[in-house]
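A short worksheet on the structure shown next.
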Amino acid sequence: MAQKLQVLQYVRPDFDVFRLDYIDAVQKFKKAESVNIAQMTIQNLDNLNDSLISTYEILQTLATQHPADKTYIDELAIWDMQVPLLQDLAYRLANSLIKSKFRNQLAIALPLAKFKLAENQLKTYSTEIDALLLDEQILINQYHKILSTATINVNGHVLSLTSALQILFTLDIQTQTLIETTVTNFLTLNQAKLITLFEKLTANRKQQAKILNYSTYSEFNMARHNHIDYTINEVLTLCDTILNTIPIKLDQPDLPQTNANFTSTNLQKNLKPFLDAIDPVTTRFYDYLVEHNSLHFTNNIYCDVPSLATFIINKQLPEITINTDCLPNQVDALLNQFGRAFQAFSIRGLKSGNLIFSFTDTQTALAKGFEFISWPWLHLLIGNDAQTFQKLMIKKNLQALNYHANQIKFANYLYQPSTPSLAELNNLWPNQLGQLPTWLLDETLITHPNTAVDDLLGIVIGMQFWQPTEEQGNADIVNKYIQFAKNSSHDSLLNLLNLCAIESPFDSATLPSLLNTINDYAQHLVSTGLTVSD
């Protein structure tokens, strides 16, 4: 039986030894005299990567459980400094894989994603940017250190100031005032340092893009994170469609203050019939979690959402940690993380060998798909308040569509060749507090500007799993979801959508169709007594 991540010990790897072992394996691959030896060498390289990833995931788990522990903060910073090393090793393997004399045979034996990623690696890395990558990570570490103090206690939950600003107008006036005062005080104290870091980070990233012959960092960033089937212009057009469309607005639901179904015991008890109702395949998912002792419940007051974190260790073994302290108003996040865990299971349990996680947009879409496909059976997990939470989940996802669209537009604007002024950036950002640069608090925007693309596409795709299953389960859409999961380890996002007969987010008719369904659902809420606003 596999050990739980929480009881595994973390030991920092010897990065110099890892580098030598990896380079030696790449050399053996290049010198292989048969396709079998070449394939075995690739497997050895995968094992080396798995070992490194597993160690890092253990560290991340411990850091999540002990967010104030300086030991883990410093250890994560040490790993961050290894980014150029890991990039260089990946480049060596990609170059050898693409040029291998056994490429045609290996293309049959290995996941297609390996070659797509290898080709992309050669386009998005060069040793010329090693120093820039190291400087970039130093700047991000400094940014994180400052931002780690930007928190506030809201109704017993410690939130980042960014999270607090996103829910500002759903809270009472007294809490709104407290958040506004806290944000003002933090930015007054830290904005000069943050702006300096931001300007250095922007210049650094533009230089990376220039060296690798990309016209803007936004284009480079899309390619580097394997958004290979669509362009930044297509994404920006989708953002314009979202921002120019006024979707139905649901009133804030009155959430129950207490709910016995959100205890650790009841959640664990309810999970099996919940999964069983969706599909027999997911029943095996629950058994798999239990078999590997991977289902764990905790109460971590530092998390602003349920820390139902999926960690992939030892060939995609999912470990699930449910933070019951943050429930009940984050059911969507709980389901979303189940989706990530299910992807790990489906690749391990429904396919064999050569496992690879490749495309983050695919992972995000699968997670969102699970969130929406669970809709008709939500009552089995959380009881009679399911309809209230369904309404909340739709409301939050509509808000997120607009928020991520703004993030993407904003990031694209600031990475244009002509750098905008601070005043221009403040006017572009929707979450202003006076004229303070509140966008500096958006950690995702500053450190991972590609993530908003994944989240935006994930919502639009996920809603298509919900569209035909709002009131009752639909076997066809469940089967599409299972097929999506089974094939997600070796194909890109748009190919998977085509395979599963899911409409592309970039199709001009997709979003209006989804909004019409949401409007119909809102009218249903009216008929059942849950009012909506215009």
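Only heavy atoms go into these numbers, but all of them, side chains included; no hydrogens, no water, no symmetry mates.
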Is there side-chain contact between [X] and [Y], with at least one heavy-atom pair below 4.5 Å?
X	Y	result
Met222	Asn450	no
Leu86	Phe18	yes
Tyr403	Asp442	yes
His227	Leu457	no
Glu443	His144	yes
Ile179	Val183	yes
Leu497	Leu494	yes
Asp332	Phe372	no

Applying side-chain contact (heavy atoms from CB on, under 4.5 Å), run through Ser488 and Leu496 and close with a yes or a no. CA-CA 7 Å; Ser488 61; Leu496 284 169; 4.1 Å; yes
To the nearest 0.5 Å, tell me how far [X] [atom1] sits from [Y] [atom2].
X	Y	atom1	atom2	answer
Leu445	His404	CG	NE2	11.5 Å
Gln82	Gln137	CD	CD	10.5 Å
Leu456	Asn402	CG	CG	9.5 Å
Asn487	Asn495	CG	CG	10.5 Å
Phe410	Cys239	CZ	SG	14.0 Å
Asp279	Ile482	CG	CD1	5.0 Å

Will you find, in the side chains of [X] and [Y], an N or O donor that is under 3.5 Å from an N or O acceptor?
X	Y	answer
Thr283	Asp276	yes
Ser504	Asp507	no
Asp455	Gln407	no
Ser513	Glu503	no
Asn479	Gln483	no

Heavy-atom pair of closest approach, residues [X] and [Y]:
X	Y	result
Asp74	Lys70	OD2-NZ, 2.7 Å
Tyr521	Gln387	OH-O, 4.0 Å
Ala405	Ile242	CB-CG2, 4.2 Å
Thr55	Trp79	CG2-CZ2, 4.0 Å
Trp377	Ala277	CD1-CB, 3.3 Å
Ile461	Pro505	CG1-CG, 3.7 Å

May I ask you to check whether Trp375 and Phe465 place their ring centers less than 6.0 Å from one another? no
Would a line drawn from the ring center of Phe285 to the ring center of Phe342 be shorter than 6.0 Å?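 When the ring centroids of Phe285 and Phe342 are compared, they turn out to be within the sub-6.0 Å range.
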For Leu161 and Thr438, what are the C-alpha separation, side-chain angles and deciding distance, and is it a side-chain contact (heavy atoms from CB on, under 4.5 Å)? CA-CA 9 Å; Leu161 290 184; Thr438 55; over 6 Å; no
Under a 3.5 Å distance rule, please check whether Asn270 uses its side chain to pair with a backbone N or O of Ile382 as donor and acceptor.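 Here the side-chain-to-backbone pair does not exist.
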Stepwise side-chain contact (heavy atoms from CB on, under 4.5 Å) test for Phe484 and Thr362: CA-CA 9 Å; Phe484 190 101; Thr362 297; 4.0 Å; yes
Output yes when Lys116 and Asp491 qualify as a salt bridge under the 4.0 Å nitrogen-oxygen rule, no when they do not.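 The answer is yes: the pair qualifies as a salt bridge.
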Checking side chain to side chain contact (heavy atoms under 4.5 Å, CB included) against Leu493, which of Asn498, Asp361, Ile502, Leu366 comes through? Asp361
Step by step, work out the side-chain contact (heavy atoms from CB on, under 4.5 Å) result for Phe274 and Leu335. CA-CA 11 Å; Phe274 171 76; Leu335 295 174; 3.6 Å; yes
Residues two or more places apart in sequence or in another chain: which of them pass ring-ring contact (aromatic ring centres under 6.0 Å, His included) with Phe506? Tyr230
